[in-house]
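Along the sequence shown, the residues carry numbers beginning at 1.
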Amino acid sequence: MIIGVVVLISAYIFRRSELLYVGTLLIGLPVVALLTLRFRRRLLGVSRHFDPAFAEAGWPVTVKVVVRNLGSTRSGEAMWRDVWPWAPFGPAPTRLRALPRRIGVTGMASTTVSYSLKPPRRGVFDIGPFVVEVSDPFRVAWGEVTLGSTQKLVVTPRVVDLPITRLSIAAQDGSDRAQRRLHGGAGGDLTTREYRHGDPLRRVHWKASARHGELMVRREEQRSHAQARIVLDTRRGGYRDAVSPSDDEPESDSFEWSVAFTASLRFHLQRIGFTVEIVETGYPQIVQSDQHQQFLGSLAELELVDGLQQRVFLSLPPAVGRSLGSVFAIVADAEPRTVDSLIGQRAQFGTAVAFVVDPHNDLVLGSLRDAGWLCVIVKTTDDLAEVWRTAAELREAHSADS
């Protein structure tokens with residue numbers, strides 16, 4: 001436009017009509033192009049699909065975006081990009097092909113574009129909006145149009161398969177024996193059931209088999225669901241590395257490791273036959289559900305909390321004369337009240353293991369060890385499976401010394 005103004009001025013100075021026409025064209029063309037961009041309707045619909053639907057921190061997710069032409073005219077070619085909240089904040093701009101006009105009510109033309117992103121951490125993030133770079137037919141003026149709305153991407157903590165170790169077997173056996181003592185009663189009260197394929201012959205109850213005319217096994221020796229409790233410290237005061245969170249960085253690296261280990265440990269214990277209860281030191285946020293997506297979805301939104309500690313955790317009823325099975329505590333620099341509660345619960349469980357993440361001193365470790373907890377010191381860079389294997393080795397060594 002500046003050149004057009006100069007040409008118009010020159011036309012009057014030199015009294016040249018052809019310069020007048022050129023200057024008018026140079027000024028008018030950008031104005032027309034801008035008006036075209038401003039008032040041209042672009043009826044495009046956008047929808048996204050994530051694969052997998054629940055992402056896992058640090059692993060790639062494929063995003064498929066379906067773009068539909070909702071208008072009665074053909075859409076032109078354009079460049080598109082999507083938006084996400086962490087660097088580099090979106091994929092590189094890519095060509096979006098022209099879409100034919102809509103025919104009738106249902107005859108909408110569409111195209112699908114896709115890209116891959118890798119969430120840096122767990123959480124629930126807004127993906128979008130979809131941005132299209134448009135221009136006038138002569139490509140004189142350019143602009144950007146945002147289409148559709150944002151969609152939530154649920155990013156769960158990293159879950160790994162923990163190895164089967166003697167810690168798992170020993171803890172489960174101990175709980176089974178406690179349950180057999182509770183439900184089995186005296187030898188004359190033993191209950192039986194019919195033999196099933198795969199039952200070991202050592203479980204056959206020969207007297208009952210003779211009485212029924214078919215093989216019967218002792219029901220009380222069938223492996224029952226052992227009990228296990230996972231105590232996760234969710235109090236902000238228990239993590240000295242807690243800072244203000246961002247979309248790129250978590251609030252606390254120690255807490256992120258704790259959440260990932262909690263998820264992996266819960267799935268591992270359920271897989272080998274435990275009935276698992278998760279107890280938070282702060283107010284409850286985790287969904288206690290056998291539906292994996294519901295459970296992992298609640299872990300994606302799990303946050304460190306302030307305020308009063310959860311009363312259920314502080315005042316769990318004692319179990320006099322019997323064991324509740326196994327307890328696994330996942331803490332960092334836990335607050336004194338949290339440590340006192342863990343110490344008070346130790347006697348209720350046959351096996352008690354505390355995973356202490358990046359402790360800044362020996363106060364937590366010393367107190368829990370004196371109370372009979374087996375403590376495993378963890379770094380946030382440690383592999384989850386190796387930590388579980390180390391815990392099993394420490395328990396085996398502790399048992400040998402005892």
Side-chain angles (χ1 to χ4, degrees), residues 46 48 50-63 65 80-93 115-131 144 146-160 232-264 280-287 293-307 330-335 355-360 378-384 387:
V46 174
R48 290 179 193 79
F50 302 118
D51 185 20
F54 276 34
E56 187 171 317
W59 288 88
V61 181
T62 299
V63 183
V65 185
W80 69 269
R81 61 183 177 88
D82 214 0
V83 179
W84 62 66
W86 55 82
F89 306 106
Y115 63 91
S116 180
L117 60 84
K118 186 181 291 185
R121 68 176 187 89
R122 69 174 180 88
V124 180
F125 302 97
D126 286 325
I127 305 300
F130 192 78
V131 179
E144 289 187 341
T146 58
L147 302 174
S149 59
T150 61
Q151 289 179 246
K152 299 291 184 182
L153 174 64
V154 179
V155 183
T156 67
R158 180 170 55 97
V159 179
V160 302
L232 174 63
D233 191 6
T234 57
R235 300 266 304 160
R236 183 173 286 103
Y239 296 87
R240 294 193 180 182
D241 63 340
V243 296
S244 298
S246 66
D247 291 323
D248 295 274
E249 299 294 335
E251 185 174 4
S252 164
D253 290 331
S254 301
F255 184 59
E256 293 305 305
W257 191 97
S258 300
V259 174
F261 189 69
T262 297
S264 301
E280 303 161 65
T281 59
Y283 65 79
Q285 304 173 71
I286 300 175
V287 176
Q293 284 198 342
Q294 291 184 10
F295 170 69
L296 290 174
S298 65
L299 289 186
E301 299 183 81
L302 186 64
E303 298 177 337
L304 290 173
V305 299
D306 295 311
I330 306 171
V331 299
D333 292 293
E335 298 165 304
F355 299 90
V356 186
V357 188
D358 276 347
H360 288 79
V378 176
K379 295 182 179 179
T380 56
T381 55
D382 287 347
D383 180 75
L384 305 180
V387 169

> Taking only residues two or more places apart in sequence, or in another chain, which ones meet Thr281 in a side chain to side chain donor-acceptor pair (under 3.5 Å)?
Replying inline: Asp233
> Can you name the closest pair of heavy atoms from Asp306 and Arg236 and give their distance?
Replying inline: OD2-NH1, 2.6 Å
>> Which heavy atom of Gly238 sits nearest to which heavy atom of Glu335, and what is that distance?
In response: N-CG, 4.2 Å
> Could you walk me through whether Ile127 and Phe50 pass the side chain to side chain contact (heavy atoms under 4.5 Å, CB included) check?
Replying inline: CA-CA 10 Å; Ile127 305 300; Phe50 302 118; 4.1 Å; yes
>> Taking salt bridge (Lys or Arg N to Asp or Glu O under 4.0 Å) as the definition, give me every residue that meets it alongside Asp82, ordered by chain and number, with sequence neighbours left out.
In response: Arg48
>> Does Asp358 form a side chain to side chain contact (heavy atoms under 4.5 Å, CB included) with Lys379? I'd like the steps, not just the answer.
In response: CA-CA 5 Å; Asp358 276 347; Lys379 295 182 179 179; 3.8 Å; yes
> Can we call the ring centroids of Trp84 and Phe125 under 6.0 Å apart?
Replying inline: no
> What closest approach, in Å, do Val159 and Ala263 show between heavy atoms, and which atom pair accounts for it?
Replying inline: CG2-CB, 3.9 Å
> Do Leu117 and Val63 come close enough that some side-chain heavy atom pair is under 4.5 Å?
Replying inline: yes
>> Which heavy atom of Trp257 sits nearest to which heavy atom of Val387, and what is that distance?
In response: CZ2-CG2, 3.8 Å
>> If I compare all heavy atoms of Trp86 with all of Pro119, which pair ends up nearest, and what's the gap?
In response: CZ2-CA, 3.6 Å
> Between OG1 of Thr262 and CG of Leu384, what distance do you get to the nearest 0.5 Å?
Replying inline: 10.0 Å
> Who are the side chain to side chain donor-acceptor pair (under 3.5 Å) partners of Arg158, not counting sequence neighbours?
Replying inline: none
> Side chains of Ser258 and Tyr239: closer than 4.5 Å at any heavy-atom pair?
Replying inline: yes
> Excluding sequence neighbours, so at least two apart, what forms salt bridge (Lys or Arg N to Asp or Glu O under 4.0 Å) with Asp247?
Replying inline: none
>> Taking the basic N atoms (NZ, or NE/NH1/NH2) and the acidic carboxylate oxygens, is any pair closer than 4.0 Å for Lys152 and Asp126?
In response: yes
> Looking just at side-chain N and O atoms, do Asp241 and Ser254 make a donor-acceptor pair shorter than 3.5 Å?
Replying inline: yes
> Thinking salt bridges, do Arg122 and Glu256 make one under a 4.0 Å N-O criterion?
Replying inline: yes
> Listed by chain and number, what are the side chain to side chain donor-acceptor pair (under 3.5 Å) partners of Asp333, not counting sequence neighbours?
Replying inline: His360
> Is the closest side-chain heavy-atom distance between Pro250 and Pro245 below 4.5 Å?
Replying inline: no
>> Which heavy atom of Pro91 sits nearest to which heavy atom of Arg81, and what is that distance?
In response: O-CB, 4.0 Å
>> Given 3.5 Å as the limit, does a donor-acceptor pair link the side chain of Glu280 with the main chain of Ile286, or not?
In response: yes
> Is there a side-chain contact between Ser149 and Val46, using heavy atoms and a 4.5 Å cut-off?
Replying inline: no
> Any side-chain heavy atom of Tyr283 within less than 4.5 Å of one from Gln285?
Replying inline: yes
Which atom pairs, donor and acceptor, lie under 3.5 Å between side-chain atoms of residues 293-304 and protein residues at least two apart or in another chain?
| from | atom 1 | to | atom 2 | distance (Å) |
| --- | --- | --- | --- | --- |
| Gln294 | OE1 | Ser289 | OG | 3.2 |
| Ser298 | OG | Val287 | N | 3.1 |
| Ser298 | OG | Phe295 | O | 2.6 |

> Considering only heavy atoms from C-beta outward, does the side chain of Val131 approach that of Val83 to under 4.5 Å?
Replying inline: yes
> Step by step, would you call Val357 with Thr380 a side chain to side chain contact (heavy atoms under 4.5 Å, CB included)?
Replying inline: CA-CA 7 Å; Val357 188; Thr380 56; 3.9 Å; yes
> Is the shortest heavy-atom distance from the side chain of Pro157 to the side chain of Phe261 under 4.5 Å?
Replying inline: no
>> With heavy-atom distances below 4.5 Å as the criterion, would you say the side chains of Phe355 and Val331 are in contact?
In response: no
